[in-house]
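Report on the structure given below.
If you read the sequence from its start, that first residue is 1, and numbering goes on from there.
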Amino acid sequence: MMMTLLVACSHEDESLTSDTALEIKGLVASVDNGMSATRSVDKLSVDVGRTTFASTDRIVFTTIRRTHSPLTPFTYSDIQYAYDGKSWERVEGNLPEKIYWTDGTSAHTFIGYSLPTQGYHWIDNGNDTYAGELGFNKSELDFTSGNDALVKEDLLLYYSENTMAEPDGLSTKINLTHALSNVRVVVNIKNFAASSGAVDTQVGVSDMVLTNQPAKFTWGGDSKNLRVLNLNDASQTTKSVKLWCPEPDGEGDNQSKTFTFYGLTTPQDATFHAINGNDQSLGFSFTVTYPDPMNPQGAPLVKTYQGAFGQTVNFNSGVCTTLNISLNHRDEQMFMDVTYTDWNFVSTPDLGELRKKSTFMDINSAVTTHDMPTATIDDATWLYISGDAVKDIYGNDGTQEHPYRITSASQLLSFAKEVKGGMTFEDKYIRLDADITMQASTAKTSAEDADSKVSPVSWIGIGDAAHAFHGTLLGGDRYINRLCGSPLFLNLGTKAVVEQLHVTTIGSISGGGALAETNAGVIGGCKVIDDVETTGGALVGTNDGIVYACYHTGLSNGNRLIGQDHGNTIGCYQASDITSFDEALVKSLVATLNTSLTTWYASHPNLTEFTFVYSPASYPTVKRNQ
């Protein structure tokens with residue numbers, strides 16, 4: 001039995017009482033410094049701005065609501081949390097008796113900010129927008145005293161339409177991002193001296209200044225990011241930004257010496273700045289001090305260099321823009337270029353060895369399979385041969401007591417290649433021990449994005465027509481997020497079992513079914529979330545086995561859970577785009593689904609039992625019976 005849920009709008013939405021909803025009790029906040037997931041971050045070369053929260057820091061949520069079909073009783077504004085050095089507590093602002101999730105499973109929209117200091121210039125415009133100014137009441141921004149000066153200007157923002165409850169249903173994690181741009185200037189004196197033995201290798205570079213940086217900005221409304229006021233706006237103010245050099249004596253020796261400066265500026269495309277009525281590119285100045293070659297023991301020579309970048313320089317929120325300047329003393333020239341990196345520059349490069357720990361999928365990763373001669377415990381991605389047994393890198397042998405564990409995207413890819421290579425996993429158990437995210441962003445869905453050159457990762461699928469999976473995959477109530485390309489499984493064999501696995505998609509799924517192209521085994525307690533583009537059903541393309549206690553919420557081709565069903569489908573439902581919830585209809589659906597499942601379990605005692613649960617103003621969810 002498979003049911004389709006179509007619910008019309010109802011005034012009952014507004015009458016739902018908050019007593020049956022889950023209360024938000026815990027908040028875990030962190031600062032996103034933009035480190036790449038595939039990057040080794042043993043040591044930051046320098047900390048820039050706020051890296052952690054300090055006592056008395058505060059977060060103000062301008063909006064908390066359910067993302068889809070928000071309900072007025074469960075929508076909040078001006079919710080403030082203060083940090084005491086250990087935990088976050090609600091203070092001041094709007095103080096409702098309790099803050100509710102609506103339910104513990106739906107995506108919620110959280111919008112908020114954290115000011116660097118209580119005295120930070122921050123104006124509430126009264127229309128969900130806010131205004132600020134760098135270096136308020138100052139004619140210039142001066143960061144030369146060190147990182148403490150950057151911390152005082154480092155505004156943090158949070159905007160997410162997919163904030164979820166933690167497994168306990170009562171707490172959530174948020175990761176605030178930097179609103180401003182980190183600007184880093186590297187001055188290289190490689191060609192400054194006439195030779196490595198010349199006295200002018202004893203050079204110092206100081207007083208790095210970026211000129212005419214716009215200081216006033218706004219945030220909020222329909223914008224997730226901070227916006228700088230137009231330079232033609234009469235209220236805009238431009239200021240010089242004096243940068244901080246953590247190593248004033250430079251790094252390196254002689255002609256290989258470099259000087260690195262740090263600061264903050266507003267997000268902008270610094271192509272032309274109007275200066276005294278004349279358009280000019282991004283300008284800068286700095287001081288160079290070196291011994292007089294004619295009188296080395298006398299007063300040093302001091303010279304101020306000025307220049308401008310002849311290209312567009314992009315300053316983006318939460319990103320480090322590095323301005324590279326090579327100083328050629330012999331013919332008084334400067335060579336300049338621009339690079340864009342993480343907020344914090346790290347001292348080590350991306351390392352392929354660490355891909356196995358990556359959150360995001362990389363189909364081109366050189367993962368190993370257990371039958372490779374080099375697949376030893378030291379370099380195996382997931383499985384390796386240990387004597388007469390095949391074990392995973394955690395020492396498990398795939399038995400029910402010690403199932404193989406998958407904890408990263410690379411291990412999932414290795415799993416796919418194992419099955420395509422002919423390993424059926426019959427009588428073996430695999431447990432998903434982490435949510436796996438395929439794509440770094442939900443915004444990139446086309447085959448090629450001309451602006452960012454970022455394309456979605458097209459998943460290869462587990463198995464193929466000639467190689468079926470015959471093992472047991474324990475999903476562990478975990479998610480495979482942002483699946484694109486092939487279905488997760490291409491071929492589930494007659495002995496295959498997949499339980500408690502959840503899938504979200506991005507872009508289109510070739511063939512039918514996000515979870516499986518074909519199924520001849522057993523799928524229980526699984527779900528597909530959000531819209532699915534397939535040529536078959538949302539969950540399975542062709543079913544010749546058993547599908548029970550499963551569901552899909554969102555739109556799909558034909559609004560079908562299964563494309564072609566030649567097997568048994570018990571206690572499942574498919575819900576189209578629901579704009580509102582009829583409480584009585586949803587409760588009736590839950591009762592009907594559970595009745596059919598209870599009857600089925602009586603004649604199939606070897607199946608894992610799942611039950612549907614009613615949550616107010618939400619889709620029925622499924623849980624495993626204890």
Expected list for residues 22-31: side-chain donor-acceptor pairs under 3.5 angstrom, two or more places apart:
{"from": "Ser30", "atom 1": "OG", "to": "Asn175", "atom 2": "OD1", "distance (Å)": "3.1"}

Side chains of Gln80 and Arg90: donor-acceptor distance under 3.5 Å anywhere?
-> no

Once the angle between the rings of Trp244 and Tyr262 is folded into 0 to 90°, is it parallel (under 30°), tilted (30 to 60°) or perpendicular (over 60°)?
-> tilted

Establish, from distance only, whether the side-chain atoms of Thr504 and Asp530 form a donor-acceptor pair under 3.5 Å.
-> no

Do Tyr158 and Thr163 have a side chain donor and acceptor closer than 3.5 Å?
-> yes

Hey, are Thr265 and Gln213 close enough side-chain-wise for a donor-acceptor pair under 3.5 Å?
-> yes

Any chance the side chains of Ser77 and Thr62 put a donor and an acceptor closer than 3.5 Å?
-> no

Here the pair of heavy atoms bringing Arg184 nearest to Cys320 is CB-SG, 3.7 Å

Distance-only, no hydrogens or angles: does the Arg50 side chain make a donor-acceptor pair with backbone N or O of Asp154 under 3.5 Å?
-> yes

The salt bridge (Lys or Arg N to Asp or Glu O under 4.0 Å) partners of Glu89 (sequence neighbours excluded) come to none

So, Asn125 versus Thr129: side-chain donor-acceptor pair below 3.5 Å or not?
-> yes

Working for side-chain hydrogen bond (donor to acceptor under 3.5 Å, both in side chains), residues Asn162 and Ser160 | CA-CA 5 Å; Asn162 196 36; Ser160 173; over 6 Å; no

Close aromatic pair by centroid cut-off 6.0 Å: Phe143 and Phe261 = no

Heavy-atom distance under 4.5 Å between the side chains of Val288 and Tyr305, does that happen here?
-> yes

Shortest non-hydrogen contact between Ala149 and Asp142, atoms and distance = CB-O, 3.9 Å

Relative to the ring of Trp101, is the ring of His108 parallel (under 30°), tilted (30 to 60°) or perpendicular (over 60°)?
-> perpendicular

Answer yes or no: is there a side-chain heavy-atom contact under 4.5 Å between Ser206 and Phe259?
-> no

Where do Thr52 and Asp57 come nearest, in terms of heavy atoms and distance?
-> O-OD2, 4.5 Å

Least distance between heavy atoms, Ile480 atom then Leu412 atom | CD1-CD2, 4.0 Å

Side-chain contact test, heavy atoms from C-beta onward, threshold under 4.5 Å: evaluate it for Phe315 versus Val228 and give yes or no.
-> no

Shortest non-hydrogen contact between Thr266 and Ala215, atoms and distance = CG2-O, 4.1 Å

Worked verdict on Asn481 versus Met438 for side-chain contact (heavy atoms from CB on, under 4.5 Å) = CA-CA 6 Å; Asn481 288 310; Met438 303 291 208; over 6 Å; no

Evaluate the ring planes of Phe286 and Phe284, with Trp represented by its six-membered ring, and classify them as parallel (under 30°), tilted (30 to 60°) or perpendicular (over 60°).
-> parallel

Of the non-hydrogen atoms in Glu133 and Asn137, which two are nearest, and what is the gap between them?
-> OE2-N, 4.5 Å

